[in-house]
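Heads up: the structure comes next, in structure tokens.
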Amino acid sequence: MALKSSSADGRTRSSIQIFIVVGLCCFFYILGAWQRSGFGKADNLAMEITKSTGDCNIIPNLNFETHHGGDAGSSDDSDSKPKTFQPCHSRFTDYTPCQDQKRAMTFPRENMIYRERHCPPQEEKLHCLIPAPQGYVTPFPWPKSRDYVPFANAPYKSLTVEKAIQNWVQYEGNVFRFPGGGTQFPQGADKYIDQLASVLPFTNGTVRTALDTGCGVASLGAYLWSRNVITMSFAPRDSHEAQVQFALERGVPAVIGVFGSVKLPYPSKAFDMAHCSRCLIPWGANGKSHFISRHCLSFLLSLFFLLTDGMYLMEVDRVLRPGGYWVLSGPPINWKNNYKSWQRPKEELQEEQRKIEETAKLLCWDKKYEKGEMAIWQKRVNADSCRARQDDSRATFCKSADVDDVWYKKMEACITPYSDSGSSDELAGGALKVFPERLYAIPPRVASGSIPGVSVETYQDYNNEWKKHVNAYKKINKLIDSGRYRNIMDMNAGLGGFAAALESPKLWVMNVVPTIAEKSTLGLIIYDDEVLIYLQCPSVTGVKLSPHTQGLMTLSMPVEFSVCTGTIKLLGDEQISKDGIRKKQKKPCITLGMSESSTDIQFKSRCDMEDILLEMDRILRPEGAVIFRDEVDVLVKVRKMVGGMKWDTKMVDHEDGPLVPEKILVAVKQYWVGNSTSSQ
């Protein structure tokens, strides 16, 4: 009996032990699943943060520096006080580094070289904060800003006198009023656009992107906005130095630029329309021959035109899409009736138009319209429709393997070849959807697989990811898309997902793409109908914008600030993976696409974080905002530096929760203006 009782007790203990072991396994399994799900204390904290960040506030005692380890958390943090940047002297209020007038006058005038970008050497860079003019106020919201600009924001009256009869701008009390006039349309841009619309397909969305050369105060672009056409306007910083600043204060896309000796900073096939209205560009010649012909005896004209090559029209052809339009209004169109009022010899005007017609024919442009002082040409859709020029000895084709490799490349008198087309009536490079369907349609370059690493699937995933990001931004800052921010810049546009997700009639986004990144995506972004421009890391110290003209800026991974053996550089290579869309480079110290090695001496320190942040401060409006997206150790260093630049910052978790290493840093530039006591 005793034996039976003992064996029964042993079985009972064994059963209890098995039950305990099974129970513990189940408990730890459930505990592990609960922790991995994110539904714990940390996630409750994140939810509390999210609820409180509608006004960009976060829990005050949230200390990101102590929550994350690693080398970045311990390097260069011995001094907790950030470097303080002092205000520049008030005379630098309109300072644009690479457009200094004194420096410009030391360069040749041939081909407008002196009006191109000429950036200061390292020892001449300003390391102080560019002040806004005294009395600066928040611009009027769009569309009121189209017609009115506060005088204090751009206190320059010269154009109100010089262009008075042309109705460019008028000074009224404490504001400038823009009646919509221009040199070629003093009665207003709307009537002029009505004339264009009788030929150009504005209404059906075919013409969505336009380039306005020699734009003045960009009234054409301002009024084309209501026709659903987004226009990139450019003009040089010359005697009318405030014209681009006026355009940006009005909320119209514009940059400082000129037709000179280098190619325009846009990819090939970027625009549906290009426009020139008395823009003073010598289309039938290059700049040198134009200058001579305007100032020498008319009997020399034939000799000088033998030296011209139509280079500027060939550059227009490069940036014009197949089937796109070129509009020219003003001299020399209809010269027979206007040569006296233009005060130019009729022989000169006749030869100028002959040269334009001859070059247009060589480019396979068909004239669609000529009436009054306006003429419109259309570029043919593919190479099959232009076989005749293949045997024309005057047709020289560009040899470059990459037609989008244009940053600081010399302009050439050569024709950019068409992309391949499937049939004689198919658009070269692939047909485009009309706007707004084009915004999220798969671009032909992606559909054809011509961009390595970018498939249809990854492109769609990328856009969906940015929709999620932008929704998070709108929760963090409810002023986005409220009309508070009109001019917005994406400093690392990638595939243009941010601008596409943010598309709104209340704002526009300038997409900046590093020109020498491993993958140049600007040619892809153009299919989304967005404003775009090439920039590279060194040029971030001289963006082609007037000071205090951007309301919101974003800088997102993988353009990031990275600490590499004590040197801060900017990473700009984007790799797209099937699962994560963006795959960060593992190599340290990669400068902005310039080199795969950190030992390339010529590029050392060209992408200094201080230079980049100071340039961002220069073009950012008082009380403008910046959104950084990167890993927290990087953002902590950015926050420390901007703490000495009169910026207020808040750190916010990734929209997927606090367990994601990537965070969001929101910064707001404090309101302050220049005064005579600023010393630097």
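- Judged by distance alone, with hydrogens and angles left aside, the side-chain atoms of Arg146 form no donor-acceptor pair with the main-chain N or O of Gly251 at under 3.5 Å.
- Of the charged side-chain nitrogens involved, at least one lies within less than 4.0 Å of a carboxylate oxygen, so that Arg318 and Glu315 count as a salt-bridged pair.
- Checked by atom type, the side-chain pair Asn167/Gln170 shows a donor-acceptor distance below 3.5 Å.
- In this structure the side chain of Tyr462 never reaches within 4.5 angstrom of the side chain of Val454, judged on heavy atoms.
- Looking at every heavy atom in both residues, Trp407 comes nearest to Pro265 through CZ3-CB, 4.1 Å.
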Check step by step if side-chain contact (heavy atoms from CB on, under 4.5 Å) holds for Phe259 and Val316.
CA-CA 10 Å; Phe259 262 98; Val316 171; 3.8 Å; yes
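- Considering CD1 of Ile376 and CG of Leu200, their distance stands at 4.5 Å, rounded to 0.5 Å.
- Between the Tyr339 side chain and the Gln350 main chain, no donor and acceptor come within less than 3.5 Å of each other.
- Between Val327 and Tyr369 there is no side-chain heavy-atom pair separated by less than 4.5 Å.
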Would you check, one step at a time, whether the test side-chain hydrogen bond (donor to acceptor under 3.5 Å, both in side chains) holds for Tyr408 with Glu116?
CA-CA 10 Å; Tyr408 262 67; Glu116 295 176 340; over 6 Å; no
side-chain contact (heavy atoms from CB on, under 4.5 Å) for Val207 and Phe435? Distances and angles first, verdict last.
CA-CA 8 Å; Val207 174; Phe435 184 83; over 6 Å; no
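- Of the possible polar contacts, none joining the Trp508 side chain to the Thr231 backbone as a donor-acceptor pair under 3.5 Å is found.
- With a 6.0 Å radius and a threshold of 12 heavy atoms from other residues, nucleotides or ligands, Lys468 has its NZ atom above the threshold.
- Other residues, nucleotides and ligands contribute more than 12 heavy atoms inside 6.0 Å of the NZ atom of Lys409.
- One N or O on the side chain of Tyr312 and one on the backbone of Gly260 form a donor-acceptor pair closer than 3.5 Å.
- Looking at Asp194, its side chain never comes within 3.5 Å of a backbone N or O of Ala197 through a donor-acceptor pair.
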Could you please spell out the steps behind the side-chain hydrogen bond (donor to acceptor under 3.5 Å, both in side chains) verdict for Arg486 and Ser145?
CA-CA 9 Å; Arg486 171 66 179 172; Ser145 65; 5.3 Å; no
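- Gly216 and Ala235 get closest at one heavy-atom pair: N-CB, 4.3 Å.
- Of the possible donor and acceptor atoms, one in the side chain of Asn471 sits under 3.5 Å from a partner among the backbone N and O of Lys467.
- For Phe185, the ring pair (Phe, Tyr, Trp, His ring centres under 6.0 Å) partners are Tyr192, not counting sequence neighbours.
- For the atom pair CG of Leu224 and OG1 of Thr209, the computed distance is 11.5 Å after rounding to the nearest 0.5 Å.
- Ring geometry, Phe234 versus Tyr266: the interplanar angle falls from 30° to 60°, so the pair is classed tilted.
- For the side-chain contact (heavy atoms from CB on, under 4.5 Å) test, residues two or more places apart in sequence or in another chain that qualify with Ser504 are Asp481, Lys506, Leu507.
- The OG atom of Ser419 sits 9.5 Å away from the CG atom of Leu427 when rounded to the nearest 0.5 Å.
- Applying salt bridge (charged side-chain N to carboxylate O under 4.0 Å, His left out) to Asp317 and the options Lys379, Lys269, Arg380 leaves one that passes, Lys379.
- A donor-acceptor pair under 3.5 Å is absent between the side-chain atoms of Arg227 and the main chain of Phe202, judged by distance alone.
- In this structure the side chain of Tyr473 never reaches within 4.5 angstrom of the side chain of Leu502, judged on heavy atoms.
- Across every non-hydrogen atom of Gln353 and Ile333, the tightest pair is OE1-CA, 3.6 Å.
- Note that CZ of Phe140 is 11.0 Å distant from CD of Glu249, once rounded to the nearest 0.5 Å.
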If you apply the rule salt bridge (Lys or Arg N to Asp or Glu O under 4.0 Å), what do you find for Asp272 with Arg321, and how did you get there?
CA-CA 6 Å; Asp272 299 311; Arg321 286 175 175 159; 2.9 Å; yes
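- Contact annotation: the side chain of Val252 never approaches that of Trp225 to less than 4.5 Å [non-hydrogen atoms, C-beta and beyond].
- Counting all heavy atoms, side chain and backbone alike, Cys276 lies closest to Thr213 at CB-OG1, 3.6 Å.
- Without hydrogens or angle criteria, Arg344 side chain to Trp335 main chain gives no donor-acceptor distance under 3.5 Å.
- Side-chain polar atoms of Tyr440 and Glu503 form no donor-acceptor pair below 3.5 angstrom.
- Pairing each heavy atom of Lys433 with each of Ala441, the nearest pair is CG-CB, 3.6 Å.
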Step by step, would you call Lys144 with Asp147 a salt bridge (Lys or Arg N to Asp or Glu O under 4.0 Å)?
CA-CA 6 Å; Lys144 185 176 180 180; Asp147 302 326; over 6 Å; no
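- Taking all atoms of both residues into account, the shortest heavy-atom contact from Val456 to Ala447 is CG2-CA, 4.2 Å.
- The backbone N or O of Asn487 sits nowhere less than 3.5 Å from a side-chain atom of Arg621 that would complete a donor-acceptor pair.
- Using a 4.5 Å heavy-atom threshold, the side chains of Trp342 and Arg278 count as touching.
- Taken from CG in Asp404 to OG in Ser268, the straight-line distance is 5.0 Å, to the nearest 0.5 Å.
- Donor-acceptor pairing under 3.5 Å is lacking for the side chains of Tyr459 and Arg445.
- Between the side chain of Gln378 and the backbone N or O of Gly323, at least one donor-acceptor pair lies under 3.5 Å.
- Residues meeting the ring pair (Phe, Tyr, Trp, His ring centres under 6.0 Å) test with Trp377, sequence neighbours left out: Trp326.
- Residues Arg354 and Glu357 have side chains not in contact (no heavy-atom distance under 4.5 Å, counting atoms from C-beta outward).
- One finds the CD atom of Gln184 at 10.5 Å from the SG atom of Cys279 (value rounded to the nearest 0.5 Å).
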Show, in sequence, the C-alpha distance, side-chain angles and deciding distance for Leu432 and Arg208, and conclude whether the side-chain contact (heavy atoms from CB on, under 4.5 Å) test is met.
CA-CA 11 Å; Leu432 302 176; Arg208 167 63 177 172; over 6 Å; no
Do Arg117 and Gln99 pass the side-chain contact (heavy atoms from CB on, under 4.5 Å) test, and can you show the C-alpha distance, the side-chain angles, and the key distance before you say yes or no?
CA-CA 6 Å; Arg117 297 176 72 253; Gln99 302 290 337; 3.5 Å; yes
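- Annotation: salt bridge (charged side-chain N to carboxylate O under 4.0 Å, His left out) contacts involving residues 212-226, sequence neighbours excluded, are absent.
- For Thr206, the side-chain contact (heavy atoms from CB on, under 4.5 Å) criterion is met by Pro201, Asn204, Val434, not counting sequence neighbours.
- Taking 4.5 Å as the limit, every side-chain heavy atom of Leu349 sits out of range of all side-chain heavy atoms of Asn338.
- Between Tyr325 and Leu196, the closest side-chain pair of non-hydrogen atoms is not below 4.5 Å.
- For residues 189-218, no residue pair satisfies the disulfide bond (SG atoms under 2.5 Å apart) rule, not counting sequence neighbours.
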